[in-house]
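Following: one structure in C-alpha cells, then a few remarks.
What you see is a predicted model, and the numbers here were worked out from it, not measured in a lab. For ligands, and for the atoms within them, numbers begin at 1 and follow the listed sequence.
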Amino acid sequence: MTLLQLEAISYQKQNKMILQVDELSLKRGDHIGIIGPNGAGKSTLLNILAMLEPPTSGTITFDGMKINPNKIPISLRHRTASVFQHSQRFDMTVFQNVALGLKIKGIAKNEREQRVHEWLTRFRIDHLSNEHAYNLSGGEAQRMNLARAFALEPEALFMDEPFSALDAPTKASLMYELKSILRERDITAIFVSHDLLEIEAMSEKLAVIIDGRIIQKGNVRDVLNAPSDIAAPFLHAWNQLKQGLDPGVQ
Ligand SMILES: Nc1ncnc2c1ncn2[C@@H]1O[C@H](COP(=O)(O)OP(=O)(O)OP(=O)(O)O)[C@@H](O)[C@H]1O
C-alpha cells in the first residue's frame with residue numbers, strides 16, 4: 001500500500017528550477033536510497049518528501065490524504081521523523097533530548113521514560129543518559145538523534161547523510177542496527193547519501209537524481225545492473241571508486 005506519493009512536483013528558487021519530479025511513490029515499509037552528484041537536488045527532494053519544505057507546485061499524498069504543504073497538520077507531523085547529517089543537540093541531557101519530541105507529542109511520563117530508555121539501549125548509549133548532549137562525540141550524538149527519531153515511532157523516517165560524520169566501524173555498526181530496526185518495525189525509510197555502498201546496505205530501492213530530475217528508479221540491483229544512459233556515467237564512477245581505479249585511467 002502506498003504511504004507517500006509525489007506527483008508533478010516542481011521546486012523553484014529565484015527563478016531557478018531546482019527540482020522536477022513527475023512521480024515518486026513509496027510503499028509502506030519501502031527503504032529507498034536517493035543518490036546523485038553534488039547539487040543534484042537530493043536534499044531538496046528529501047525536504048519536500050518530509051514535508052519540511054513546500055514545493056512550488058504539485059501534489060503530495062500521505063496515506064491517502066492530499067496534503068496542503070503550507071499547512072501540515074500536527075497529527076501528520078507526529079507520524080514522521082527526520083535525521084540529518086549534523087546532529088541536532090539541545091542544551092539538556094541526552095535523556096531529555098530524546099524525551100523532548102515525546103513530550104511535545106503528549107506521551108505520558110511513564111511511557112516517555114520507558115521509550116527513551118528502550119531506544120537509548122537499542123543504540124547503545126543508555127550509559128550516557130544523564131550526560132549533557134554537548135559532551136557527546138559525533139558518533140554518540142548521531143546515535144542520540146536516531147534514538148530520538150525512533151522513540152517517536154514514526155511511520156516514515158527521512159534521513160539526510162546520517163552517517164557521513166562517522167568513522168567506519170561506528171558507521172558499519174549503526175547501519176546494521178538501523179537496518180534491522182527498520183525491518184522489524186516496518187518503517188518506510190528515505191535515505192539520502194553520496195555513498196553507493198551505504199545505499200546498497202540500507203535500501204532495496206534506489207532513485208538516481210541528476211540536475212533536479214529523477215533519471216532512474218527501481219530496485220537497487222536492477223538499476224545498478226542496467227543503468228540508463230544518463231545515470232550510467234555517475235554510477236560507473238562509483239563502480240570505479242569501489243574497485244579502487246583511477247577514473248582518469250582507461
Ligand atoms: N534556497 C535556495 N536558493 C537558491 N538555490 C538553492 C536553494 N536551495 C537549494 N538551492 C540549489 O538547489 C540545488 C540543489 O540543492 P540540494 O542541496 O538539494 O542538492 P544536493 O543534491 O543535496 O547537494 P549535495 O550533494 O551537495 O548536498 C543546488 O544547486 C543548490 O544550490
Nearest protein heavy atom with distance in Å, relative to [atom]:
atom: atom 26 (O) of ligand 1; result: N38 ND2, 3.0 Å
atom: atom 2 (C) of ligand 1; result: K13 CG, 3.6 Å
atom: atom 13 (C) of ligand 1; result: G39 O, 3.6 Å
atom: atom 9 (C) of ligand 1; result: I18 CD1, 4.0 Å

Find all atoms of ligand 1 within a distance of less than 4.0 Å from any non-hydrogen atom belonging to [X], and give their numbers and elements.
X: P37; result: 21 (O)
X: H194; result: 24 (P), 25 (O)
X: K42; result: 18 (O), 19 (O), 20 (P), 21 (O), 22 (O), 23 (O), 24 (P), 25 (O)

Salt-bridge criterion met for [X] and [Y] (N-O under 4.0 Å):
X: E204; Y: R221; value: no
X: R79; Y: D63; value: yes
X: K42; Y: E161; value: no

Which residues pass the salt bridge (Lys or Arg N to Asp or Glu O under 4.0 Å) test with R148, sequence neighbours left out?
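In terms of salt bridge (Lys or Arg N to Asp or Glu O under 4.0 Å), with neighbours along the sequence ignored, R148 is linked to no residue.
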For R185, what residues pass the salt bridge (Lys or Arg N to Asp or Glu O under 4.0 Å) criterion, not counting sequence neighbours?
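Once residues adjacent in sequence are excluded, the partners of R185 under the salt bridge (Lys or Arg N to Asp or Glu O under 4.0 Å) criterion are E118.
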With heavy atoms under 4.0 Å as the rule, classify the contact between T44 and ligand 1 as side chain, backbone, both or neither.
both
What's the separation between atom CG in L178 and atom CG in L146, rounded to the nearest 0.5 Å?
5.5 Å
Could you measure the distance from the CE atom of M202 to the CD1 atom of I199? Nearest 0.5 Å is fine.
9.5 Å
Please determine whether any non-hydrogen atom of K16 lies less than 4.0 Å from an atom of ligand 1.
yes
Check whether any heavy atom of G41 sits under 4.0 Å from an atom of ligand 1.
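It does; at least one heavy atom falls under 4.0 Å.
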Out of S164, S193, G36, S43, who gets a non-hydrogen atom closest to atom 22 (O) of ligand 1?
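Ranked by closest heavy atom to atom 22 (O) of ligand 1, first place is S43.
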So F191 and F163, would you call those rings parallel, tilted or perpendicular, with 30° and 60° as cut-offs?
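Answer is tilted, since the angle falls between 30° and 60°.
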